[in-house]
Amino acid sequence: QVELVEFGGGLVQAGGSLRLSCAASGTIFNINAMGWYRQGPGKERELVAVDSSDGSTSYADSVKGRFTISRDHAKNTVYLQMNSLKPEDTAVYYCNAEGVLTDTAYVEIWGQGTHVTVSS
């Protein structure tokens, strides 16, 4: 069975930084893209950043210039460095992996979510 395990969320004041990590485990031969989504209070889930298999990245306009996504392909791990945090960044952040080649099929998997709360 494959799964994503996240950690690194927490409480921080505006202007501070946090680093999120997410690792895929199980029998995995390849992953196409890994990324981060978030869902704030009363809001829809939205894409924050994605790192595709060729190393290209994309970001939501609201976080561009403040957040940086990176990936360790050998360890099937993705990171999100969040700087200059704003109260509107408060959300549950979800790791995502798509095009995950397991022993039998291609699947998409999600992390359990990690809370990020930005005060002031």
Side-chain angles (χ1 to χ4, degrees):
Q1 186 174 10
V2 297
E3 63 178 356
L4 295 172
V5 179
E6 301 173 302
F7 68 95
L11 295 159
V12 64
Q13 64 180 340
S17 298
L18 286 173
R19 181 177 171 88
L20 306 183
S21 300
C22 172
S25 64
T27 303
I28 298 172
F29 299 110
N30 190 56
I31 298 175
N32 180 23
M34 299 188 76
W36 294 90
Y37 290 71
R38 69 184 181 187
Q39 186 168 13
K43 299 179 180 179
E44 301 293 328
R45 186 175 297 190
E46 64 175 348
L47 177 65
V48 177
V50 62
D51 186 313
S52 61
S53 60
D54 64 358
S56 63
T57 59
S58 62
Y59 297 87
D61 288 342
S62 59
V63 307
K64 190 173 180 63
R66 300 187 297 119
F67 291 11
T68 302
I69 189 170
S70 60
R71 184 173 169 185
D72 184 334
H73 290 262
K75 296 188 180 300
N76 289 325
T77 299
V78 66
Y79 308 92
L80 186 68
Q81 179 67 45
M82 304 185 293
N83 298 326
S84 301
L85 283 161
K86 303 175 180 179
E88 48 263 48
D89 295 318
T90 295
V92 179
Y93 285 71
Y94 297 91
C95 181
N96 172 264
E98 69 90 21
V100 181
L101 179 58
T102 70
D103 56 340
T104 60
Y106 285 95
V107 298
E108 181 179 23
I109 50 178
W110 290 87
Q112 80 286 353
T114 185
H115 291 256
V116 172
T117 302
V118 184
S119 64
S120 299

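In this chain, numbering begins with 1 at the start of the sequence shown.
Taking each heavy atom of Arg38 and Ser62 in turn, the nearest pair found is NH2-OG, 3.3 Å. Counting all heavy atoms, side chain and backbone alike, Phe67 lies closest to Tyr59 at O-CE2, 3.3 Å. Taking all atoms of both residues into account, the shortest heavy-atom contact from Val78 to Cys95 is CG1-SG, 3.7 Å. The shortest non-hydrogen separation linking Ser120 to Pro87 is C-CG, 3.4 Å. Nearest heavy-atom pair, Pro41 versus Thr90, reported as atom, atom and distance to 0.1 Å: CD-O, 3.6 Å. For the pair Ser84 and Asp89, the tightest heavy-atom approach, listed with the atom from each and the gap, is O-OD2, 4.5 Å.
Between the NZ atom of Lys64 and the OG1 atom of Thr57 there is a distance of 7.0 Å, given to the nearest 0.5 Å. Atoms NE2 and CZ, from His73 and Arg71 in turn, are 4.0 Å apart once rounded to the nearest 0.5 Å. Rounding to the nearest 0.5 Å places OG1 of Thr77 at 5.5 Å from CG of Asp72. To the nearest 0.5 angstrom, Asp51 atom CG is 7.0 Å from Ser56 atom OG.
A single hydrophobic cluster is not seen to contain both Val63 and Tyr79; linkage of ILVMFWY side chains at heavy-atom distances under 4.5 Å, directly or through other members, places them apart. Linking Ile, Leu, Val, Met, Phe, Trp and Tyr whenever their side-chain heavy atoms come within less than 4.5 Å puts Leu4 and Val107 in one cluster. Placement of Tyr93 and Ile109 within a single hydrophobic cluster is found when ILVMFWY residues are connected by side-chain heavy-atom separations under 4.5 Å, directly or transitively.
Sparse packing is recorded around CD of Gln13, with 12 or fewer heavy atoms of other residues, nucleotides or ligands lying under 6.0 Å away. For His115, the NE2 atom sits in a loose shell: 12 or fewer heavy atoms of surrounding residues, nucleotides or ligands are nearer than 6.0 Å.
With contacts defined as side-chain heavy-atom distances shorter than 4.5 Å, the pair Lys86/Val118 does not qualify.
For Arg45, there are no salt bridge (charged side-chain N to carboxylate O under 4.0 Å, His left out) partners at least two apart in sequence or on another chain.
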Could you tabulate the donor-acceptor pairs under 3.5 Å formed by side-chain atoms of residues 17-37, not counting sequence neighbours?
unit_1: Ser17; atom_1: OG; unit_2: Asn83; atom_2: OD1; d: 2.9
unit_1: Asn32; atom_1: OD1; unit_2: Ser53; atom_2: OG; d: 3.2
unit_1: Asn32; atom_1: ND2; unit_2: Glu98; atom_2: OE2; d: 2.5

